Amino acid sequence: MMSLQEHSADGPPDAAAADRAVLLAELARVLPSDALLFADEDLKPYECDGLTAYRCMPWAVVLPQSEAQVLAALKVCHDRKVPVVVRGAGTGLSGGATPVVQGVVLSLAKFMRILEIDPVARLARVQPGVRNLAISEAAAPYDLYYAPDPSSQIACTIGGNVAENSGGVHCLKYGLTVHNVTKLRVALINGEVMEIGSHALDDPGYDLLALMIGSEGMLGVVLEATVKLTPKPRTAQVVMASFDSVIEAGNAVAAIIAAGIIPAGLEMMDKLATAAVEDFVHAGYDLAAAAILLAESDGTAEEVAEEIATMSVLLENSGARQLRISQSEAERLKFWAGRKAAFPAVGRITPDYLCMDGTIPRKHLAHVLTRIAELSAEFGLRCANVFHAGDGNLHPLIMFDARNPGETERAIAFGAKILELSVDVGGTITGEHGVGIEKVKQMCVQFSREEIDAFHAVKAAFDPLALLNPGKAVPTPRHCSEYRLTGSAR
């Protein structure tokens, strides 16, 4: 890696280059040399997150190893009025960790320590760079685990989960990140530290914990998180149901919920997604089905047997053409392995794809899926549907080839239509991936001018200079006015 002096001498002698040189020099004074990246080849891996359609090179990447280094770097950026984008594992799918022009990326990848496991209180205190799955692995000797399990759990970090309020295939019964975090230690942009939440069942004052979770790195930097640990269920089984139409599968979801059953997981995939997954994982899916449902029950053996039997009857009455019930833990995990591998599986059959993240009332599943099929034909792009059917969180995967002129733009327009359709039926533009830069225009559809003004007021209370992740999640009123004038919004 080149030296700071060598890099500072390169480039055009304009004001931005001079400002960057001063910033790098100040960061170099408070950070060790291996905690500051500034050469182009070192910055390149940080130019985007999982939403690769948008890219930007930052001025620098900071890789602190201690809380003191985080605070020092934040204070430098605050004093120099330089924007900061916090990054975890970079698995986000809405561009929340995309750098901004003339900004710094603050990577917490080295904050990987599990600080404490308390099996009696059923809590774990972890640093933000700890992988989601690593928490469950550390708690396993106590027959405990961390319930939220996004499909990227093998790689995604708890800090990113907090930023996006991530869920997973078991969030229907066990909740999202917001339901499983009790306390956060957070750094503000000016280098101050605050602790929010508590280990008690309630916390005095405003619920700042819920405000911080899902704030997409716009309010503060997570330094530590205390999360709930859940006892491992004694047993679990999955019933896999095949349907000849997505409408029947959607109606089956409604029937299960209407019967008062809250499955541990309730997931759906359409035929295109199932074919991609089966070729990749060989999970034993029915390739002739238009849609398959995975419905899981967990608890005692008696509870599981009764719930699986009841769900089987409901699925058959809803038109299921075939039912398969897992007969071993290995088979159960195999069924879920297919669902969790849906995103990489689709990535094998298309050069590029956009993963959308709208959430709708369950009663509109059939209508929305039918409309997505119509939009697929209108835009001339394939779309595989994979989603958390139990809570109506859709993940349409729009396939395209960025090398073909106009396809990226068509894919983005297709995705915008899906998000606005979600709002039309009483849903929301996101469930767990966040708004980021991908959906910021659709915020103008979801919310009024007054509501967006209130969001900006909350942002200003924590970050008056708007330096943390600027331009993400909440649009300016001017952007909304322009978007509405184009006719793209209602």
Side-chain angles (χ1 to χ4, degrees), residues 35-38 40 42-64 70 73-74 77 82-112 127-132 150-167 177 184 186-187 189 212-223 225 343 352-357 412 415 429-440 443 459 462-463 466-475:
L36 179 61
L37 306 180
F38 48 85
D40 288 350
D42 294 325
L43 300 179
K44 192 72 173 174
Y46 296 89
E47 67 177 351
C48 68
D49 58 10
L51 183 66
T52 57
Y54 301 90
R55 298 169 185 265
C56 179
M57 288 279 277
W59 265 359
V61 173
V62 173
L63 283 158
V70 172
L74 286 174
C77 292
V82 173
V84 177
V85 175
V86 185
R87 179 186 175 98
T91 60
L93 293 168
S94 64
T98 305
V100 296
V101 175
Q102 298 180 7
V104 167
V105 169
L106 175 62
S107 172
L108 297 173
K110 294 184 179 180
F111 281 62
M112 300 171 58
Q127 291 186 318
V130 173
R131 293 178 302 111
N132 178 289
S151 295
S152 58
Q153 70 175 150
I154 192 172
C156 67
T157 59
I158 194 65
N161 292 172
V162 168
E164 307 297 345
N165 192 23
S166 302
T177 301
L184 292 174
V186 178
I189 183 62
M212 192 64 64
I213 297 172
S215 61
E216 303 192 31
M218 296 176 61
L219 305 182
V221 180
V222 176
L223 300 171
F343 293 179
D352 305 280
Y353 70 79
L354 288 180
C355 177
M356 307 312 296
D357 176 44
I412 292 172
I429 62 171
T430 186
E432 58 174 338
H433 292 176
V435 176
I437 55 178
E438 178 192 39
K439 307 168 190 168
V440 70
M443 287 285 286
K459 165 75 168 168
F462 287 84
D463 179 17
L467 296 177
L468 281 174
N469 222 3
K472 312 282 181 66
V474 183

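Basis for what follows: all heavy atoms, side chains included, without hydrogens, waters or symmetry-related copies. Only a predicted model underlies this, so the values are computations on that prediction, with no experimental measurement involved.
When side chains are defined from C-beta on, Asp42 does not count as touching Val61, because their heavy atoms never get closer than 4.5 Å.
For Tyr46 (side chain) and Ala97 (main-chain N/O), no donor-acceptor pair under 3.5 Å exists by modelled atom type. For the pair Thr177 (side chain) and Ser166 (backbone), a donor-acceptor distance under 3.5 Å is present. With Arg131 contributing its side chain and Met112 its backbone, the two residues share no donor-acceptor pair below 3.5 Å. Listed for the Lys110 side chain is no donor-acceptor partner under 3.5 Å among the backbone atoms of Gly129.
Atom OG1 of Thr91 and atom CD of Gln153 lie 11.5 Å apart (nearest 0.5 Å). To the nearest 0.5 Å, atom OG1 of residue Thr98 and atom CZ of residue Arg55 are 9.5 Å apart.
Residues passing the salt bridge (Lys or Arg N to Asp or Glu O under 4.0 Å) test with Asp49, sequence neighbours excluded: none. For Asp352, there are no side chain to side chain donor-acceptor pair (under 3.5 Å) partners two or more places apart in sequence or in a different chain. Judged as a side chain to side chain contact (heavy atoms under 4.5 Å, CB included), and not counting sequence neighbours, the contacts of Val85 are Val100, Asn469, Lys472. For the side chain to side chain contact (heavy atoms under 4.5 Å, CB included) test, residues two or more places apart in sequence or in another chain that qualify with Thr157 are Ala89. By the side chain to side chain contact (heavy atoms under 4.5 Å, CB included) test, Asp357 pairs with Asn393, His395, Thr430, Glu432, His433, Lys439, sequence neighbours left out. For Glu216, the side chain to side chain contact (heavy atoms under 4.5 Å, CB included) partners at least two apart in sequence or on another chain are Glu164, Val435, Ala473.
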